[in-house]
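Only one structure is covered here, and it is reproduced in the block below.
Just so it is clear, the structure is predicted and the values come from calculations on it, not from any experiment.
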Amino acid sequence: MDRPNRFVMMVDVNGRIERCFCPCPTKIGNLIFESIPCLLSNSNSSNTKYTVEAISLSPVDVTRKKWIGINQTKINSYIEHLFLAGELNKVVKRIKSVKREYGLSNSKIDFLVNTCLVEVKTPLTNLPYKSYLKYQPDKAFHSYHRTIKHYNLLSKHIGEFSRAIVLHCFMYNAEKYRDLFNNITKKRMRNIVKKAIFNGVENWQVNLKIGPKGVSLIDCYKLNNICNGI
């Protein structure tokens, strides 16, 4: 597997190199994409035959691999299904309605569940380290402007709704998300997140299992002390 740009991965499919769509335009760890196993689905695009749904940090010759989902374009569909199926009752109880792309102050929040605002984030910048894989030099990830924007938006409007939640979704069995500030170096951005949490914006984590047969929920729980220094 090779990743010539953020939207394309070149994958060996039965001995033939196929140009595949990468549904995660941001940083995926610091991985160099060589000999990385992946799961593919048929692509809807005329430009690519397949979409890369997940990658594995397991060696290529391991039969039972652990998969890390990378399809950020589908995560909201997964979360919507879990809400409607009642599998996220820990997050919002007695769900009566789920609205996607809820308009709020000239912007949009991913969901309005009953009267609770829910914004979904899918962190993929820090993956479990494996010594046998190849990595690029560690570089700070600076594309947090949308995340900061949504924390600020939720903070300003939380009083108009019952609750406001940032749902940190991992498409693998991730450890507890403890350090949102790991790469946010600007003090102003840190202060916006701190203010949002102080105003009542909640942080929750959802872990999903991705495999050849589909997607399922592993666990979900509320996060405390998500930012170092709080």
Side-chain angles (χ1 to χ4, degrees), residues 1-45 47-82 85 87-88 90 120-139 141 167-179 182-183 204-221 223:
M1 174 190 285
D2 183 27
R3 191 183 186 187
N5 65 55
R6 60 184 183 145
F7 293 109
V8 173
M9 286 179 167
M10 305 303 292
V11 180
D12 184 339
V13 182
N14 297 323
R16 179 174 177 172
I17 302 301
E18 297 280 0
R19 189 172 184 269
C20 302
F21 174 59
C22 176
C24 173
T26 62
K27 176 180 174 183
I28 304 175
N30 288 320
L31 283 171
I32 294 175
F33 283 90
E34 295 179 6
S35 300
I36 303 292
C38 63
L39 291 177
L40 304 178
S41 65
N42 292 325
S43 176
N44 293 324
S45 170
N47 297 320
T48 55
K49 188 175 181 180
Y50 301 103
T51 294
V52 179
E53 296 289 344
I55 62 171
S56 177
L57 304 187
S58 303
V60 175
D61 57 356
V62 171
T63 303
R64 300 185 66 179
K65 294 179 175 64
K66 295 181 179 179
W67 297 102
I68 296 172
I70 65 168
N71 197 334
Q72 293 180 326
T73 65
K74 283 187 178 178
I75 186 63
N76 281 6
S77 295
Y78 300 154
I79 295 301
E80 180 183 31
H81 170 78
L82 292 172
E87 294 191 51
L88 293 178
K90 285 184 182 179
V120 175
K121 300 297 176 187
T122 52
L124 279 167
T125 55
N126 296 302
L127 300 180
Y129 177 79
K130 302 292 183 182
S131 59
Y132 52 81
L133 294 174
K134 294 182 180 180
Y135 293 86
Q136 299 173 353
D138 194 13
K139 296 180 181 179
F141 180 70
L167 200 63
H168 304 273
C169 298
F170 295 82
M171 290 178 275
Y172 63 100
N173 196 13
E175 295 182 355
K176 185 173 287 188
Y177 192 38
R178 298 180 184 276
D179 191 10
N182 187 46
N183 294 302
W204 284 72
Q205 178 167 339
V206 171
N207 284 356
L208 303 178
K209 180 180 179 181
I210 309 291
K213 295 183 179 180
V215 182
S216 59
L217 176 68
I218 298 174
D219 199 3
C220 62
Y221 42 82
L223 291 167

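- Leu208 approaches Val206 most closely through the heavy-atom pair CD2-CG1, 3.7 Å.
- Minimum interatomic distance between Ser35 and Pro37 (heavy atoms only, all atoms of both residues): O-CD, 3.5 Å.
- For the pair Gly211 and Leu39, the tightest heavy-atom approach, listed with the atom from each and the gap, is C-CD1, 3.8 Å.
- Between atom CD1 of residue Ile70 and atom OG1 of residue Thr73 there is a gap of 9.5 Å, rounded to the nearest 0.5 Å.
- The two residues Pro25 and Phe7 have their closest heavy-atom pair at CB-CE2, 3.6 Å.
- Between Val52 and Leu40, some side-chain heavy-atom pair lies under the 4.5 Å cut-off.
- Scored by the ring pair (Phe, Tyr, Trp, His ring centres under 6.0 Å) test, Tyr177 finds His168, Phe170 as partners (sequence neighbours excluded).
- For Ala174 against Gln205, the heavy-atom pair with the smallest separation is O-NE2, 3.7 Å.
- Annotation: side chain of Tyr172 is in contact with side chain of Leu127 (closest heavy-atom distance under 4.5 Å).
- Listed for the Glu34 side chain is no donor-acceptor partner under 3.5 Å among the backbone atoms of Lys134.
- Within the 4.5 Å cutoff, no side-chain heavy atoms of Val13 are placed close to those of Lys49.
- Judged by distance alone, the side chain of Asn207 and the main-chain N or O of Asp219 form no donor-acceptor pair under 3.5 Å.
- Distance check: Ser56 OG to Ile68 CD1 gives 7.0 Å after rounding to the nearest 0.5 Å.
- Taken from OG in Ser58 to CZ in Arg64, the straight-line distance is 11.5 Å, to the nearest 0.5 Å.
- Sorted pairs that involve residues 167-177 and meet salt bridge (Lys or Arg N to Asp or Glu O under 4.0 Å), not counting sequence neighbours, are lacking altogether.
- Of the inter-residue distances, the one linking Leu217 atom CG with Glu87 atom CD reads 5.5 Å to the nearest 0.5 angstrom.
- In this structure the side chain of Glu53 never reaches within 4.5 angstrom of the side chain of Met171, judged on heavy atoms.
- Two residues are said to be in side-chain contact when any heavy atoms from C-beta on lie closer than 4.5 Å; Val215 and His81 fail this criterion.
- Of the possible donor and acceptor atoms, none in the side chain of Thr48 sits under 3.5 Å from a partner among the backbone N and O of Arg19.
- Put simply, CG on Asn71 and SG on Cys22 are 9.0 Å apart, with the number rounded to the nearest 0.5 Å.
- A search for ring pair (Phe, Tyr, Trp, His ring centres under 6.0 Å) contacts involving Tyr221 returns nothing, not counting sequence neighbours.
- Judged purely by atom type and a 3.5 angstrom limit, Lys65 has no side-chain atom pairing as donor or acceptor with the backbone of Ile55.
- The side-chain contact (heavy atoms from CB on, under 4.5 Å) test with Arg3 singles out one residue from Val11, Ile28, Val8, and that residue is Ile28.
- Taking CD1 of Ile210 as the start and CD1 of Ile218 as the end, the distance is 8.5 Å to the nearest 0.5 Å.
- The shortest heavy-atom contact between Cys169 and Val120 is SG-CG1, 3.7 Å.
- The side-chain heavy atoms of Tyr135 and Leu133, taken from C-beta on, include a pair separated by under 4.5 Å.
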